[in-house]
Amino acid sequence: MLRSTDFWKDEGETSLMLQEKGFIQSEGIEKIIERTSKWFELAGLKREEIKIVEFSTDEPERIFVLDAERTFSNDINKKKLVKILTHLKKEFGDYQQGLSFVASFLMLTMDENENVALMTKINSMLPGYWRHEAIDFGTSAFTLYHILQQTHPSITKHLESNCIDAGTFCQKWFLGLCVHLLPFKYLFQFFEKFLVGGVEYLYKFSLALFTVLEKRILEAKNPQVIFALLRFDESEIKDEEIFQQILDKSDTIDISTYDLKEISKDVYERNLKKRIESAHKVHANVEVIEDCQWCLDNFPEFYCLECKELVCQDCLDASPTGPNETHKEDSHTLISMEEYENDREKYKQKPTTTIEKLTKDLEDLKV
């Protein structure tokens, strides 16, 4: 994609490219493509394993069209992303939006066949992560939290006091692999380290992040600031050197003393099993909400008692009075996702209508 004549004109201002910050242009496109060509070897993927893919011509799912619309400006690029997502959903048996983040990033330097091959390899490294009911991701999130309680107990206490659940703050690190978070200069390094280290590297990166940002996190007085730090918002992270410090620190983190399999079993029994069983019991009577009910994009991180809706921190920051300006003041009474999930019957939800409007707006996009 980077080699296309009108790439910068078409895609230079899209959400995917916001973190490019001149890195590709300063390094040179050919150098960047050569660099990512080595990622297959880093992941243990042989060139002969990259096959010609027979892509489906079936009508694409609505969510793929929506995600493509949010990612690219050029219709051809949208169609390519939809084609890739349709194939990966069929191969993986399920879909989660982080898959779109990573696939679109790889599209910058790889053709469709290379993209599918590396995405398939990454999916094997993150088994069960890119699923609607991402139990394995949740288990990994609580495994990280368990380790964090041992290494940084003051941080976990501070997170708990601000109603921040283990499953909310590492979604974009684990599921989206930091796409849309890290500037490209550091995102390329992150990917290279992840392709070698897999899930264990995600733990090391997360622990390094908390180590480098510990003082800032503990000084934060509200969950909005904490989330802004954890997703690297420019409002809080003004010095990019911090990202290099985190990456360098991740190379020194040792988690070999932790029995990750045993910890995973334990946290599943203690933290996830009850939630999953409860969710299954009420599934027939509860509207299924995949994303934040305001943007239909991010994962929800809170339930607002006034709005009666699940909402992400990004939306709270962008629209403090709500999508329909229903709040007179910039305040919301929020509870954590854990508290919400423990008593879904108590907290009712408003129907989500935005998805119908978005679908109508995109009816004319032929894919």
Side-chain angles (χ1 to χ4, degrees), residues 1-2 11-27 31-33 35-36 38-39 42-43 70-71 97-110 118-119 122 125-126 129-130 137 140-141 144 168-214 216-217 225-253 297-299 312-314 317:
M1 185 185 295
L2 287 177
E11 309 295 355
E13 301 298 322
T14 55
S15 60
L16 177 62
M17 298 301 291
L18 288 179
Q19 295 291 357
E20 189 271 336
K21 298 183 183 297
F23 174 67
I24 292 175
Q25 298 184 72
S26 64
E27 292 289 300
K31 183 177 179 180
I32 289 295
I33 292 176
R35 178 174 178 174
T36 57
K38 299 175 183 177
W39 288 6
L42 290 178
R70 289 187 282 240
T71 304
Q97 196 177 47
L99 192 152
S100 175
F101 288 3
V102 180
S104 60
F105 174 64
L106 297 182
M107 282 176 63
L108 296 176
T109 61
M110 300 177 188
L118 189 53
M119 287 296 293
I122 292 174
M125 298 166 69
L126 302 175
Y129 274 38
W130 288 328
F137 158 70
S140 292
L144 168 64
T168 61
F169 59 77
C170 58
Q171 290 168 351
K172 291 185 178 181
W173 311 339
F174 284 25
L175 299 177
L177 296 182
C178 289
V179 175
H180 297 294
L181 295 188
L182 284 173
F184 276 21
K185 176 180 178 180
Y186 309 100
L187 181 61
F188 275 68
Q189 295 181 56
F190 172 89
F191 259 77
E192 287 156 356
K193 294 176 185 294
F194 162 73
L195 290 174
V196 173
V199 173
E200 288 194 15
Y201 178 71
L202 296 181
Y203 293 144
K204 293 178 181 180
F205 173 83
S206 304
L207 294 171
L209 184 156
F210 281 110
T211 300
V212 173
L213 295 179
E214 179 173 18
R216 297 280 304 277
I217 292 170
V225 174
I226 297 174
F227 273 115
L229 287 166
L230 298 182
R231 63 172 180 256
F232 306 143
D233 279 9
E234 292 183 359
S235 61
E236 294 296 330
I237 308 294
K238 302 183 185 300
D239 182 5
E240 286 192 4
E241 182 58 30
I242 286 177
F243 303 133
Q244 192 61 58
Q245 292 175 19
I246 294 172
L247 291 166
D248 291 343
K249 185 66 179 177
S250 69
D251 291 333
T252 70
I253 299 292
D297 190 354
N298 295 331
F299 289 99
C312 69
Q313 187 62 56
D314 287 353
D317 293 342

Candidate pair Ser206 and Phe169, rule side-chain contact (heavy atoms from CB on, under 4.5 Å), full reasoning
CA-CA 10 Å; Ser206 304; Phe169 59 77; over 6 Å; no

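- Residues meeting the side chain to side chain contact (heavy atoms under 4.5 Å, CB included) test with Gln245, sequence neighbours left out: Val212, Glu241.
- Residues Gln19 and Leu181 are not in side-chain contact: their nearest non-hydrogen atoms beyond the backbone lie 4.5 Å or more apart.
- When atom types are taken as modelled, the side chain of Arg216 and the backbone of Glu236 share a donor-acceptor pair closer than 3.5 angstrom.
- Trp130 is listed as a side-chain neighbour of Val102, based on a closest heavy-atom distance under 4.5 Å.
- Between Phe105 and Phe191, the ring planes are tilted. Angles from 30° to 60° get that label.
- The local environment of NZ in Lys21 is crowded, with over 12 non-hydrogen atoms from other residues, nucleotides or ligands closer than 6.0 Å.
- Here the side chains of Ile242 and Ile246 are in contact, with some heavy-atom distance below 4.5 Å.
- Between Ile217 and Leu230 there is a side-chain heavy-atom pair separated by less than 4.5 Å.
- Closest approach of Met110 and Leu118 over heavy atoms only: CE-CD2, 3.5 Å.
- In this structure, NZ in Lys249 is found 13.0 Å from NZ in Lys204, a value given to the nearest 0.5 Å.
- Salt bridge status for Arg35 with Glu192: present, with a side-chain N to carboxylate O gap under 4.0 Å.
- Between the side chain of Glu20 and the backbone N or O of Ile24 there is at least one donor-acceptor pair closer than 3.5 Å.
- For the residue pair Ser250 and Ala208, the shortest heavy atom distance occurs at N-CB, 3.5 Å.
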Criterion side-chain contact (heavy atoms from CB on, under 4.5 Å) on Leu106 and Trp39, from CA distance to verdict
CA-CA 10 Å; Leu106 297 182; Trp39 288 6; 4.0 Å; yes

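- Legend: residues meeting side chain to side chain contact (heavy atoms under 4.5 Å, CB included) with Glu11, ordered by chain and number and at least two apart, are Phe7, Thr14, Phe72, Ser73, Asn74, Asn77.
- Rounded to the nearest 0.5 Å, atoms SG (Cys170) and CZ (Arg231) are 14.5 Å apart.
- When side chains are defined from C-beta on, Arg70 does not count as touching Ser15, because their heavy atoms never get closer than 4.5 Å.
- Shown here for Leu207 and Thr211, the closest heavy-atom pair between the two residues is O-OG1, 2.8 Å.
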Can you check side-chain contact (heavy atoms from CB on, under 4.5 Å) on Val179 and Leu16, steps first, answer last?
CA-CA 8 Å; Val179 175; Leu16 177 62; 4.0 Å; yes

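- Between Phe243 and Tyr186, the distance separating the two ring centers is shorter than 6.0 angstrom.
- Atoms OG and CE, on Ser100 and Met119 in that order, are 8.5 Å from each other to the nearest 0.5 Å.
- Annotation: side chain of Ile122 is in contact with side chain of Leu177 (closest heavy-atom distance under 4.5 Å).
- Although no hydrogens or angles enter the test, the distance criterion places no donor-acceptor pair under 3.5 Å between the side chain of Ser235 and the main chain of Ala228.
- Counting only heavy atoms from C-beta outward, the side chains of Phe227 and Cys312 never approach each other to under 4.5 Å.
- A salt bridge links Lys193 to Asp251: one of the charged nitrogens lies within less than 4.0 Å of a carboxylate oxygen.
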What's the verdict on side-chain contact (heavy atoms from CB on, under 4.5 Å) for Leu175 and Phe137, showing C-alpha distance, side-chain angles and the deciding distance?
CA-CA 8 Å; Leu175 299 177; Phe137 158 70; 3.8 Å; yes

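- Looking at Ile32 and Phe188, their side chains come closer than 4.5 Å, going by heavy atoms from C-beta outward.
- Aromatic ring centres of Phe174 and Phe194 lie farther apart than the 6.0 Å criterion allows.
- Here Glu214 contributes atom CD and Leu229 contributes atom CG; the two are 12.5 Å apart, rounded to the nearest 0.5 Å.
- In this structure, the side chain of Trp173 does not engage the main chain of Leu202 through any donor-acceptor pair within 3.5 Å.
- Remark: aromatic rings of Phe190 and Phe205 are close, center separation under 6.0 Å.
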